[in-house]
Every structure is written in structure tokens, then in C-alpha cells.
Peer 1: 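One structure, pasted below without further comment.
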Number of protein chains: 2
Amino acid sequence: MKNCPVRRLIQSKQGYHHGDLRNALVSAGLKLLEQEGHSEFTLRDLARRVGVSAAAPYAHFADKRALLAAIAAAGFIRLRAALEAAIRSDSNLADRFLHLGSAYVRFGMDHPALYKLMFASEELAAQHGEYLELQAAGEAAFGALTALLEQMQRRGLLRAGDPEADGLSVWAHVHGLTSLIITGCLACVGEPAPQPAEVVSLSLQLLLNGLRGPARAEQIA
Amino acid sequence: MKNCPVRRLIQSKQGYHHGDLRNALVSAGLKLLEQEGHSEFTLRDLARRVGVSAAAPYAHFADKRALLAAIAAAGFIRLRAALEAAIRSDSNLADRFLHLGSAYVRFGMDHPALYKLMFASEELAAQHGEYLELQAAGEAAFGALTALLEQMQRRGLLRAGDPEADGLSVWAHVHGLTSLIITGCLACVGEPAPQPAEVVSLSLQLLLNGLRGPARAEQIA
DNA sequence: ACCTGAACACCGTTCAAGT
DNA sequence: ACCTGAACACCGTTCAAGT
């Protein structure tokens, strides 16, 4: 993005050292998160890797959190792409639902440090009004889910309901699965340790089953 | 715990300044987490509040993470108590399930910083073999859930299944709800922002509905 | 406009030394 | 056994000064 000629001119004028430090910092941060398992890195180290002084990032980001938010936004864009790819599969709608859920969890398992950062940063985005880019990226990823749910409801594959409200339940479920798996909590309980893939599969089936039934089950006295 | 006379003797000998610095640090940390919204505090600040030098904690904890793990373990013990109190209500079993889920989410909403720390520390506990106290506290809290599920299955209120596997699904669901709520992600999506209590109520009903149905839904071609 | 170098106020952690 | 004081190697951030 931002390939407009004006920007190219500015870049070709060349900030005499780097050209495009902003993007360099973001992609270096992404790479660091992929390599290292933990989601914390220092701004100084990142600047060092990019070959720039410790103060240089402050010309492009207000503070460390702003840089983290930019990286998290890139993560949400990738997540959305992964989810839409999973939905585009040519199978039936119910399978698409299951594939969507699996793809969500797999994204977290494949990029645990990035995933953790994404939700740590979403917290900042929610508290402060800033980080609009991050917020928009997050909502777009959520939209991929609600669109599918609405389609399934229209075709009678799910009980009628508010797609957005159901979407929140589904999101909470897959987010919880992802979180427990990548923090290792799932491996902590049970003898022997449960297989993530099986837990996810059974769990999504359970959720889908609930979405087929009536919204409010009859009270049992 | 650890009220054995031997320990009392040691305490009465008095480390000439504090007596029981270990517990003092843990409870000061707990108090700090309740007051401040964020889950990060510095070891130096904690030592300052307790009235001790910055190096003093190292006589009781290997490093900062070990202290955080001890605080997290205390959090899991409180969580378990909250869950068991919710189950003890005299209503029917299905309502107990809903109360249990609500109590879980409410615990997170009431102590957001502590809740985040608990799962950040569980990660360390899972990776390293250490922090046995934390691990045990976490598993005990999980046990309160599986016990209820087993009881409901026996009475035919839920479809037959492995209570531990179903427990993981339920745990993932309520953990996801809690996480999205206390990070503010839930408030980010939807117009107007959804009410946490309603989302939780609808979500738990959905989950319960899924647990009543067949474990494996028939494939729809 | 973009970057550097040096500085500031902090960290977590170590270690000799005190009681 | 438990704690202090001083030190070490770091942080994030600011700011004058350079190009």
C-alpha cells in the first residue's frame, strides 16, 4: 500500500540512511516474532537489527506501543486472509464453518507470538481511541466470520439468530481454544495430554451443533 | 497454609525487619493488581511498598517470574473458590452449569489484571517444569468444572461423552469470552457495543445446547 | 524531514558485606 | 538465614545537534 508517486519521490529523496524505516521496522518486528517464541522484544534491539540508532524509530512512531500496534494490524490482515482462504474451499457450508474454525486456531498455532501481540494490542486500541488501523483490521477479520454465519442462517443450516451475536460466541470459542493451546494450558491438564487437533475438531462440532438447535433451550426443572 | 509450629518459631525469630517477607510480597502484589488495571508491575516498586530493599525479594524467589507465578497460584485458588460457590447454589443442574460459566467470566471481569497474569504465568508453568504450585492450583480449578459435567452426563442431562474433553471445550469457551471482554475486544465490534452480560448468557446457552445434542452431527451434503 | 549521540530516569539481577 | 548498598548491563524516551 502507499505506492503513490508522491511517496516514491519522498523515498527517492532518501532519508540518507534507510529510505523507508517505518516499514522496515514493522517487517523486522514481524520476522522477530516468527523466529522467537515470545512476543516481547526491545525497541533498541529492533533498531539495532535494522541498522539504525535507538532514537530513530521515534521519527515514525509515537512510542513503542504504536509500533506494536502497527505490527498487530499487519497480523490481523494476515489472519483475515487465512480465514477467507479457508472459506473459499469448495465444500459445503457446514464444512466451511469447521474449516474456518480450524484455520483460525492454526493461525494462532503457527504464529503464537504474533497472535498474543495482536490481542495485547487490541486491548490498547480498545482503551485509547487511537490505533484506528489496528481496530479496522480486527473488525475486518471478524467480518469474514459473520458473513459465513449469515449465509448459513439464510439457507436454514443454522437456527435463526443475530449473526453478529452468534459470531461473538464463535469468536470467543476459537479464541479461547487458540489461547489455551498456545499458552500450553491445554497440555497441562489431562492424562495423557490431549491432542490440540482433536480438541479443536470436537469443540467445533459441539459449537456447530449448538448453533443448529433452538436459541433458548427449554428449562429443565 | 504452612502454619506448622516449626515455621512459627522461625518467624518469631524474626528476620529482624519483616518476619514474613514472602507472603508480604505476594499479598502486596495481589493488592497492586486489584488497584491498577494493568497486570505489569516492577519488582522494585513492590519491594518499595513493602518497605524493603530492591534485592530482598531474591532471598525468597529465584526471579521475578517466580514471584508472579506465586501470585498467579493464589489467583487460581480464588477462582476455584468462586466456581465452587457458584455450583453450590440449590438450583437444578442446568442452571448450575450456567451459573458456573457466569461466575468464571465474572471472576475475570472483577479481577482483569490478576486473570491476565494467571494465564501469562500458566504459560511459563507449562513450558518449564517448575511452578508446581501454580500448575496444581490451575488443575484444581478445572476439576470443579469436569465434576459438574460428569454429574450432568450421568443424569442424562447431557449427551454421553468424555467429561474431560467436554470440559476443555467449555473452558475454552468461557476463557475466550473472558479474554475478549477484559481486553475490550468485545466492545470494539458491533453497533452499539454488545453488553457483556447478554453475550455471556446467550453464549452459555448455545454451549449447553450443543452439549445436549449428539457428539457427532450427521454430515450434510 | 529524518537521523545521531548523549543523556535521563528507570529496570532486573548479582554480590559482597552487614546483622 | 535474611537483608542492605552499590554496582552491572540493560531499558524506553527526550532532545539538542547534525545532514
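Both backbone and side-chain heavy atoms feed into the values below; hydrogens, waters and symmetry mates do not. Within every chain, numbering begins at 1; the chains are lettered A, B, ... in the order of the sequence lines, protein sequences first and strands thereafter.
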Peer 1: Check the distance between C/dT13's C1' and B/L46's CG and give it to me in whole angstrom.
Peer 2: 16 Å
Peer 1: When you match A/H60 and A/R44 each to their closest nucleotide on DNA chain C, which lands nearer the 5' end?
Peer 2: A/H60
Peer 1: Short question: side chain of A/D45, backbone of A/R48 - any donor-acceptor pair under 3.5 Å?
Peer 2: no
Peer 1: Begin with the C-alpha distance, continue with both residues' side-chain angles, and end with the deciding distance and a verdict on side-chain hydrogen bond (donor to acceptor under 3.5 Å, both in side chains) for A/Y104 and A/H173.
Peer 2: CA-CA 11 Å; A/Y104 187 100; A/H173 197 97; over 6 Å; no
Peer 1: More than 12 heavy atoms of other residues, nucleotides or ligands under 6.0 Å from CZ of B/R78: yes or no?
Peer 2: no
Peer 1: Assuming nearest nucleotide by heavy-atom distance, tell me which of A/R48 and A/A62 is located more 5' along DNA chain D.
Peer 2: A/R48
Peer 1: Any side-chain N or O of A/R22 less than 4.0 Å from the OP1 or OP2 oxygen of C/dA1?
Peer 2: no
Peer 1: Can you measure A/E40 atom CD to C/dG12 atom C1' for me and round it to whole angstrom units?
Peer 2: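 It is 14 Å, rounded to the nearest whole Å.
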Peer 1: In terms of side-chain heavy atoms of B/K64, which of C/dC2, C/dT13, D/dT13 is nearest?
Peer 2: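 My answer, after comparing the listed nucleotides, is C/dT13.
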Peer 1: Would you call the rings of A/F76 and A/F119 parallel, tilted or perpendicular, taking 30° and 60° as the class edges?
Peer 2: perpendicular
Peer 1: Just call it for A/T42: base, sugar-phosphate, or nothing, with non-hydrogen atoms closer than 4.0 Å on any strand.
Peer 2: sugar-phosphate
Peer 1: C/dT4, D/dC3, D/dG5: which one has an atom nearest the side-chain heavy atoms of B/A55?
Peer 2: D/dG5
Peer 1: Salt bridge check: are B/E123 and A/K116 linked by an N-O gap of less than 4.0 Å?
Peer 2: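 A salt bridge is present here (some side-chain N lies under 4.0 Å from a carboxylate O).
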Peer 1: Specify the separation, in whole Å, of atom CG of A/L21 and atom P of D/dT19.
Peer 2: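 For the pair A/L21 CG and D/dT19 P, the rounded distance is 19 Å.
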Peer 1: Expressed as a whole number of angstroms, how long is the span from B/L68:CG to C/dG12:C1'?
Peer 2: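 Result: 12 Å.
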Peer 1: How many Å lie between CZ on A/R65 and C1' on D/dC11, as a whole number?
Peer 2: 16 Å
Peer 1: What integer distance in Å separates B/Y58:OH from C/dC15:P?
Peer 2: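 Value for this atom pair: 12 Å.
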Peer 1: Please give, in whole Å, the distance from D/dT13 P to A/L67 CG?
Peer 2: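 Rounding to the nearest Å, CG of A/L67 and P of D/dT13 are 10 Å apart.
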Peer 1: May I have the distance from A/L43 (atom CG) to C/dC11 (atom C1'), rounded to whole angstrom?
Peer 2: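 Rounded to the whole Å, the gap is 16 Å.
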Peer 1: Determine which nucleotide pairs with C/dC15, using a 3.5 Å limit on both distances of a Watson-Crick or G-U wobble pair.
Peer 2: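 Because both required distances fall under 3.5 Å, C/dC15 counts as paired with D/dG5.
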